[in-house]
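The first residue of the sequence shown is numbered 1, and numbering continues consecutively from there.
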Amino acid sequence: MSKQFAVIGLGRFGSSVARTLFEMDYEVLGIDEDEERVNDAIEHVTHAVVADTTDETALREIGIRNFDVVVVAIGADIQASILTTLQLKELGVKKIVAKAQNERHGQVLYKVGADRVVFPERDMGIRVAHNLISTNVLDFIELAEDYSVAEVVVSNKMVGKTLRQLDVRAQYGVNVIAIKSGDKFNIAPRPDDVIAANDILVVIGNNMDLKEFEEQA
Ligand code: ATP
């Protein structure tokens with residue numbers, strides 16, 4: 001059986017997570033204490049219920065333990081987000097993913113039992129900033145503190161050259177893991193593959209090396 005998800009907090013972030021999972025054919029339970037939010041979400045999830053998730057009894061009644069992953073997408077009410085995460089942990093939920101407003105909030109969420117903490121505003125800020133320094137950078141995703149993946153549009157000086165000729169690993173210390181050419185996605189680029197105009201390189205590397213690559217390549 002495929003994974004079952006519960007999403008608590010159907011604001012912009014939570015409803016987007018819930019809807020995306022539902023559109024990928026997963027079973028998704030949406031939960032919010034606000035009835036209007038639940039009604040708005042109902043067509044985009046498998047089930048939706050009104051509940052205050054800081055209340056342990058309510059969580060038990062929902063059978064929250066039976067879900068493979070529970071996403072805590074409560075934002076502004078930091079106390080409710082922390083209490084909910086704590087209750088989920090105490091009830092034995094296998095995997096808890098929680099959204100944090102800031103670093104401190106994130107640290108507390110880990111302490112009370114979140115398995116993964118996401119920082120959507122911070123991450124989107126980082127992505128937008130990279131796109132601002134170089135319009136060639138389409139996307140930027142942090143993998144670890146110092147390592148990221150970037151999608152970079154090729155510059156004129158790369159066009160017509162092979163990966164071997166560009167030798168980005170030696171020149172910049174980054175690795176090309178894929179090349180997007182229009183609709184085609186080459187996920188195993190070979191040294192002799194030739195770069196065409198408008199291609200997009202997906203590169204992985206240390207943030208400082210990526211910065212140099214974004215600026216100079
Ligand atoms: P977004 O940026 O995703 O819109 P936000 O940071 O504005 O989110 P909030 O609106 O604070 O987030 O919270 C998201 C949802 O969580 C709201 O719909 C709110 O009703 C719900 N929520 C808050 N506290 C609880 C709770 N204790 N139990 C269930 N749902 C809750």
Side-chain angles (χ1 to χ4, degrees), residues 1-33 37 41 44-49 51-56 58-60 62-130 139-151 177-178 202 204-207 210:
M1 202 172 67
S2 68
K3 278 189 177 172
Q4 293 186 314
F5 296 88
V7 178
I8 299 173
L10 300 169
R12 288 161 299 182
F13 176 74
S15 53
S16 163
V17 171
R19 188 177 181 148
T20 306
L21 290 166
F22 182 64
E23 283 170 0
M24 290 191 289
D25 284 334
Y26 286 101
E27 258 191 58
V28 184
L29 171 70
I31 307 170
D32 202 295
E33 63 179 3
R37 291 263 163 110
H44 311 293
V45 290
T46 322
H47 302 287
V49 295
D52 174 357
T53 55
T54 59
D55 175 7
E56 189 189 327
L59 285 175
R60 276 186 199 278
I62 290 168
I64 203 76
R65 275 195 58 177
N66 301 323
F67 290 85
D68 298 293
V69 182
V70 180
V71 180
V72 182
I74 299 172
D77 190 344
I78 289 183
Q79 188 170 322
S81 138
I82 293 167
L83 278 175
T84 296
T85 304
L86 184 65
Q87 302 282 15
L88 295 173
K89 188 70 185 176
E90 292 197 334
L91 287 168
V93 170
K94 290 185 277 293
K95 183 157 186 196
I96 305 167
V97 177
K99 165 186 144 158
Q101 294 279 84
N102 54 51
E103 298 287 337
R104 295 287 296 165
H105 183 196
Q107 283 169 359
V108 177
L109 289 171
Y110 273 123
K111 280 211 193 326
V112 297
D115 298 287
R116 183 167 165 213
V117 176
V118 294
F119 300 84
E121 283 88 1
R122 184 198 68 180
D123 291 351
M124 191 44 88
I126 293 171
R127 291 162 86 163
V128 171
H130 278 271
D139 208 350
F140 191 91
I141 299 163
E142 247 186 357
L143 298 177
E145 200 173 325
D146 292 329
Y147 292 87
S148 304
V149 169
E151 274 190 357
I177 52 174
V202 183
I204 185 167
N206 172 286
N207 287 344
L210 281 174

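Sequence neighbours left out, the pairs with a member in residues 109-125 that pass side chain to side chain donor-acceptor pair (under 3.5 Å) are Glu103-Arg122. Within the structure, the side chain to side chain donor-acceptor pair (under 3.5 Å) test picks out no pair touching residues 62-76 (sequence neighbours left out). For residues 9-24, the pairs satisfying salt bridge (charged side-chain N to carboxylate O under 4.0 Å, His left out) are Arg19-Glu23, with sequence neighbours left out.
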Side-chain atoms of residues 74-82: list all donor-acceptor pairs with protein atoms under 3.5 Å, sequence neighbours left out, distances to 0.1 Å.
| from | atom 1 | to | atom 2 | distance (Å) |
| --- | --- | --- | --- | --- |
| Asp77 | OD1 | Gln79 | N | 3.4 |
| Asp77 | OD1 | Ala80 | N | 3.1 |
| Ser81 | OG | His105 | NE2 | 2.8 |

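Scanning all heavy atoms of the two residues, the minimum distance from Val7 to Gly14 falls at CG1-O, 3.5 Å. Across Lys99 and Ala73, no two heavy atoms sit closer than the pair CB-CA, 4.3 Å. A pairwise comparison of heavy atoms in Gln87 and Leu59 identifies CB-CD1, 3.5 Å as the closest pair. For the pair Ala58 and Ala51, the tightest heavy-atom approach, listed with the atom from each and the gap, is CB-CB, 4.4 Å. Listed here is the closest heavy atom pair of Val69 and Val97: CG1-CG2, 4.1 Å. The minimum heavy-atom distance between Leu88 and Ile8, with the atom names listed, is CD1-CD1, 4.1 Å.
A 4.5 Å side-chain heavy-atom check between Ile96 and Lys89 finds at least one atom pair inside the cut-off. The shortest side-chain heavy-atom distance between Val72 and Thr53 does not fall under the 4.5 Å cut-off. Counting heavy atoms from C-beta outward, Ile204 and Leu143 have side chains that approach closer than 4.5 Å.
For Asp32 (side chain) and Arg37 (main-chain N/O), no donor-acceptor pair under 3.5 Å exists by modelled atom type. Thr46 places no side-chain N or O within 3.5 Å of a backbone atom of Leu29 that could act as its donor or acceptor partner.
Every residue meeting the ring-ring contact (aromatic ring centres under 6.0 Å, His included) condition with Phe140, not counting sequence neighbours, appears here in chain and number order: His130. The ring-ring contact (aromatic ring centres under 6.0 Å, His included) test applied to Tyr26 returns Phe5, not counting sequence neighbours.
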Should Val93 and Phe67 be marked as a side-chain contact (heavy atoms from CB on, under 4.5 Å) after you check the CA-CA gap, both sets of side-chain angles, and the distance that decides it?
CA-CA 7 Å; Val93 170; Phe67 290 85; over 6 Å; no

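The NZ atom of Lys3 lies 10.0 Å from the CG atom of Leu21; values are rounded to the nearest 0.5 Å. Rounding to the nearest 0.5 angstrom, the gap separating the CD1 atom in Ile177 from the CD atom in Glu151 is 9.5 Å. We find the CD-OG1 distance between Glu56 and Thr54 to be 11.0 Å, quoted to the nearest 0.5 Å. Taking CD from Glu142 and OH from Tyr147, the interatomic distance works out to 12.5 Å, rounded to the nearest 0.5 Å. Rounding to the nearest 0.5 angstrom, the gap separating the NE2 atom in His44 from the OG1 atom in Thr20 is 11.0 Å.
Here the rule is side chain to side chain contact (heavy atoms under 4.5 Å, CB included) with Leu109, and of Val118, Thr84, Val117 only Val117 fits it.
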